[in-house]
Each structure stands twice: as structure tokens, then as C-alpha cells.
Amino acid sequence: MTDFDDLVAPLPAGATVPSQPPTADALPAAVDSVADGIADLSQADGGRDLTLPGGFVELADLPSPAIDGDLHKSAHAPGLAASLARQATIEKLLDESAQANRDGQHHTGAAQAEQVLTDPFITPGQEARARQLLSGHRLRLGEFEASVRHGLLALEYLAASGDQLGQSMVHCTLALAFHETALEEPALGHVLGALEAARACGSRTAEFWALSRSSMVHQALGDADRSIVLGRQALALADTLGDPQAEFAARNNLGDSYLEIARAQRAKGEDAQVALRDGIDIIRAAVVRSVKQRHAFDETIARTNLVGFLIERGEYAEARRQAGRSKTIAITNGYRNLAVNNDAQLAEVARAEGRIDLACTMMNAQLADPSVAEDAALNVTLHRSLYEMHRAAGRFEQALEHHEQLHVLILVLTRQTAGLQSRMLINSLEIEQARHEAQRSQLEAEMQRVRAEELDQQAHTDPLTRLPNRRALDRQLPEMMRTARERSEPLCAVMIDMDHFKKVNDEHGHATGDRVLTTMAAILGDATRDSDLAVRVGGEEFLLVLGNTTTDQAVQICERLLGKVRNHPWGVVTAGLRCTASVGVALLKQGESVSRWLGRADAALYEAKASGRDRVELAASRA
């Protein structure tokens, strides 16, 4: 079942969680170390942020890191009881994985979803939800290739099952994954799919997420005005939903868009004050909401974005406080990448204040950190900043060294990005190809089924009149007789023969005779109900089997039928043509065989012909 808990909150560029969380023993020491370092840079305000709720977080106030040993373990046991037990365990794991998403515990949530995928009792729907959750968790962990692979596989099932809400949610996750790897065109395709599916299912919450993602992608595509319009629409919608996560995401995303616009304006030498003013108010509101919700991951992201605004506005003291606060939360919860970003921000604050030597020392310390070596994008930022600072200070040898490192790193980063983009696109193409192959196989099977039905229909249909033939009679009549016996309902057989049909063929030709037969078939079709059966027995002879019909009712039906035949404008078929028919009726007796029953109806028909034609005779009237 689709659940909004499976959604992924927006991320600023590079805001990912490390591959492994820190151990519980390492957390207090890490927090103490960070707090000591921040104290050296902060002003004497007690280490608290007086303009926003919160302040430094006590360790006990934050969610504890997940321990892998707490994950559910279960043994495979045969039988129905084991199957039911496993289903309950699977559903519990899926719910816990969704809860981990809400809590920002993506290592735990990913492990739970992976465990579900290995369970032999998993249903297709459970597999789709596990992949949907896993796509979101892998995205938050910075594993974009895995996010796309699981998301596309989940999307296959959701599309096949018609789950529009689920499709919209997965499209949003995929849009983020492609956006984070600078594949904006596929991202745009997914945000459009998300918006279409959200509106198709009428979910305003899903529509909000789609608008929010769309704003982000349009910003990356360089359409700042459209990004702001979409972001404002998303914010207005979020405030009507009563969803705290949506309220936070709308403000965080819109604020991030304003920050990117301001930076672009500054780079062009334009005035960025309006964008900075509007954006910082929105991002402060995002911080307030994250603190109120006690959501550590969201608070870290929002404060990181806030630091970006403060640096651009020259408010360096508050920027240091916010970066320190964000880093404390990040390290406490194992958000290593976010903590590293905060270190880079603190160095940028020192640089902006003109404390070049301190900024260089802080950036060199980051470069010496083995964990930073894996982050090519951050290395590029650090080497570029060091190159610019050393050059400005006239230290050309150091500047050249960092410039050379920068050149190498850009090539490495370009190759890494291109490789990741290629793998993601290849994965998408392979999954799309597999889907097309499955659809083609399904289409071929459907065509074979339709062809078999057509052949069966042809085998049981008279080619001239399109009425059922003798084969159809042999297949359907036993079922009608059984139904009549079980329900104690009367069943009448009506044998019909065109009068003087040989004369029609002799005087007007066989083509006219064929048109007479097709016209007669149409008259019979109009006279029958769904419970009846009209059959061309052969030549000019037809059979009606009337369900739940007494002999008196059958006679009335047949009299009306003969009146229609007699009064039909046969002259339309050919000038001077006039046709009538004779009818014999027999009521099925208890225990009577088909051959005897139809034989009695046939005998009654010949009695009608012998009695002058164009009349109805009952088999029951014969001794």
C-alpha cells in the first residue's frame, strides 16, 4: 500500500549521509571535540543562538544512531503458519523502514528494505514498496545509481498496478537522483511524470512534492523565474496540508533556490539583496520548523543553507554559530558529509573576514582528512579557494601547487560524474528495454489469445448468417439443459424452416437466397434474449432454444416472429419477393435426450408445413 512515509525530503547539493554511521562510543568524544573547536571561533554568547529556537543540542536530546544488531532476524519455516509469520515480519520491516525515513535513519532503513528483498515469502507488492523505500534511502546516502535502479524497478510494478500515488512518489525520488548527478533532462521528465500522476490520483500532498521537485530542477536548468514560481506554488499548497514535513521541505527548497539566484546575481555583478532578503526569511522559517519537529537531519540541512545566506550577507558571527550548531548535530547523528560541508563553511567565514591564514589552515586540515579525500567535489572547492587565496597573497608557488591539484581533480571529477551518469542512463535503458520486452511478450501472448478466440469463434459461427452453428449448439445446449434442470425452469426448442426456399433460389438466384437467410438471421437475433440461443442448423433451417419459457409463452413468441417474417419488406431484397416460415415447438421433458427432444420439435415443424405452412405447431399436440 502506498504510504507518504516513503517520500524523501529535499536535499541541497552534496547533502548526503556517509556510507557508515559512527560508533556509539565515538559520539561523545566527537561532540566534545567539535564543541571545543567552535568555542575558539565563536563570540562570547554562551555558545547559544539567541535568534533562533534551540541552541546547542544536548546529546540526550538527539535520536540515537541505529545499531545493525537491532534489525529483525527470522528463520525460514515451512507451512502456512510460517508463511503468515513471515508476512507479518515483512510488513513490520517495511513499516520500520518507512519510520526510519521519517527519522532520517537511512542506514537502518536501507538495511531493513534490503532484508525484505531477500525474503522468499515476499509478494510483488511488498517488493515494489521495499524498492521504493530503498530508492529513497540510497538517495539520501548519496548512492544515486542504486537509487535509480530500485526506483525504476518499483515504478514498473506501480505502473502495472495503476497506483498513481505510488508512481508520483517514486518519480519524485528519481527526479532528485538524476538532479543530484546533473542529469537534468531525465530529472525534468520524472517531475512531469510526478505531477501528472499526482493530479490523476487527486492527491494534493503528492502534487506538492511534485511541484517542489519541479522547482528544484528548473533552478538547475537555469530558469530561475520559473523555479521561484513553482516553489511559491509548492509553499502555498504545503501550508494547506497540515503536514510538518511538507511545510519544512517547501521552505528549505524555496530558500535554497533564492540562495542560488543570489549567488548567480553576485557572479554577474548584479544586486542580490532582494533575493538574499526574501530567501533568508524563508530559510529561517525552515530552521524553526525543523527544531519544532526535532528532526536532526532536516535541522542540519536548514542551518547549512542558512549559513550560506549569512556568508553572502556578511553576517559572519552568526554564520559561525549556525555552522557550529549544524556540525554538532551532523556528527552526533553520523551525517559525516554534512559535517564536512560545515567545516568548509567555517573556513569560508574566516576567508570572508580576511583571516586568510586561518582559512588556509582550516582548509589544509580538511584536505589532510582521509574521509575528505573521497569527496572529489569538496576537494575541488578547497583547492580552488586555496589557489585563489595564495595567489591574492602573492604566494605564487603554493597557488600553483593548488592550481595543478585543482586541474587534476576537475578531470577526475569530470570522469567520475560522466561515469556515474553513464551507468545511471545505462541502467535506465536496460530497465526500459526489459519493460519493452515484457510488454512485447505480453502483447504477443494477448495476440495469440485473441487469435485463438477468433479461430474458436469462426469454428462455432455460421459464415453466412454469423449465427452460431451446429458446433456451438453441441457446446452450449448441454449447459442450458443442466441450468434448466437445476432451476426447475421450462426449456423450449423451436425448429424454424423458410417456406418454399428452393423456389426463392430457383426464381431469384442463390445470391438472393443468401440475402434472405441473412435477413432471417437478423430477425431471429432481434427476437432472442440473452438467455436464448439462435442457431443456423443448415440450409434454410434454424433452431431457437428459449430459456425459462413455457409452451404458451413460446407459442406467443413464435407467432410474433412469424408476423415479423410475413410483414418484412422483402421487396427491398428483390422485387416481388415474399417470404414466410413454419415453426415446430417442443418442451423439454424430464430425463429426455437431446436427440428425442429436437426430433419432436422437428416433427412438429413438418406438421406445420403439412398443415399449410406459415404457422406454429406444438409437439405436445401430437399423440
Side-chain angles (χ1 to χ4, degrees), residues 1-11 15-24 27 57 59-74 87-119 122 125-144 146-147 149-151 153-154 166 169-170 172-174 176-177 180 205 209 243-246 248-249 252 290 293-302 329-339:
M1 179 179 177
T2 297
D3 192 328
F4 279 113
D5 295 339
D6 302 345
L7 280 167
V8 181
L11 292 173
T16 54
V17 182
S19 298
Q20 294 295 333
T23 61
L27 291 176
V57 175
L59 186 59
D61 293 337
L62 294 171
S64 300
I67 300 175
D68 291 342
D70 292 338
L71 297 180
H72 291 268
K73 309 293 183 186
S74 59
Q87 286 296 311
T89 300
I90 289 170
E91 289 298 327
K92 186 177 181 182
L93 280 169
L94 290 171
D95 291 341
E96 289 176 348
S97 180
Q99 181 64 45
N101 178 58
R102 290 196 298 272
D103 295 339
Q105 301 295 336
H106 298 289
H107 296 287
T108 300
Q112 290 162 335
E114 291 280 13
Q115 186 176 346
V116 168
L117 290 177
T118 64
D119 197 301
I122 190 173
Q126 289 169 336
E127 178 182 350
R129 189 181 178 210
R131 292 193 183 280
Q132 180 178 350
L133 286 164
L134 195 54
S135 179
H137 289 306
R138 292 301 177 202
L139 171 69
R140 296 292 287 270
L141 293 169
E143 301 169 15
F144 305 119
S147 175
R149 182 175 65 255
H150 288 294
L153 290 172
M169 293 159 62
V170 173
C172 283
T173 301
L174 291 170
L176 275 175
E180 290 292 331
T205 301
W209 288 105
D243 182 347
Q245 184 62 30
F248 166 80
N252 183 71
S290 66
Q293 296 168 33
R294 301 180 65 81
H295 197 297
F297 191 85
D298 286 351
E299 184 177 354
T300 307
I301 293 173
I329 302 172
I331 290 183
T332 302
N333 286 272
Y335 308 146
R336 178 59 185 168
N337 245 33
L338 297 181

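Bear in mind the structure is a predicted one, so any value in this text is a computation, not a measurement.
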Review point. Could you walk me through whether E96 and L93 pass the side chain to side chain contact (heavy atoms under 4.5 Å, CB included) check?
Key: CA-CA 5 Å; E96 289 176 348; L93 280 169; 4.2 Å; yes
Exercise for review: With side chain to side chain contact (heavy atoms under 4.5 Å, CB included) as the test, would you mind laying out the steps for I122 and R129 before giving the verdict?
Suggested key: CA-CA 11 Å; I122 190 173; R129 189 181 178 210; over 6 Å; no
Point to revise | Spacing of CD belonging to E299 relative to CD1 belonging to I301, to within rounding of 0.5 Å | key: 11.0 Å
Review point. Any idea which heavy atoms bring S147 and T173 closest together, and the distance?
Key: OG-CG2, 4.0 Å
Review point. Is there a donor-acceptor pair closer than 3.5 Å between any side-chain N or O of H137 and the backbone N or O of A100?
Key: no
Revision key, fill the gap. Of all heavy-atom pairs linking L133 and L94, the shortest is CD1-O, 3.6 Å
Exercise for review: Starting from the C-alpha separation in whole Å, work towards a yes-or-no answer on side chain to side chain contact (heavy atoms under 4.5 Å, CB included) for D298 and Q245.
Suggested key: CA-CA 9 Å; D298 286 351; Q245 184 62 30; 3.0 Å; yes
Practice item. Indicate the atoms forming the closest heavy-atom contact of F297 with L338, along with that distance. Key: CE1-CD1, 4.0 Å
Review point. When rounded to the nearest 0.5 angstrom, what is the spacing between OG1 in T89 and CD in Q115?
Key: 9.0 Å
Revision key, fill the gap. Correct closest heavy-atom pair for A154 and R131 would be CB-CB, 4.0 Å
Exercise for review: Measure across A302 and S290 and return the closest heavy-atom pair with its distance rounded to 0.1 Å.
Suggested key: CB-OG, 4.5 Å
Check your understanding: Which atom names give the shortest non-hydrogen contact between A296 and N333, and what distance separates them?
Key -> CB-ND2, 3.5 Å
Check your understanding: Is there side-chain contact between F248 and Q293, with at least one heavy-atom pair below 4.5 Å?
Key -> yes
Point to revise | By salt bridge (Lys or Arg N to Asp or Glu O under 4.0 Å) - contacts of R138 (at least two apart) | key: E114, E143
Practice item. Mind checking the CD-CG spacing from E127 to L134? Nearest 0.5 Å is all I need. Key: 11.0 Å
**Study point:** Passing option when H150 is tested against L139, L174, V170, L117 for side-chain contact (heavy atoms from CB on, under 4.5 Å)
**Key:** L117
Check your understanding: How would you list, by chain and number, every residue that makes a side chain to side chain donor-acceptor pair (under 3.5 Å) with Q87, sequence neighbours excluded?
Key -> Q126
Exercise for review: State which residues pass side chain to side chain donor-acceptor pair (under 3.5 Å) with T300; sequence neighbours excluded, sorted by chain then number.
Suggested key: none
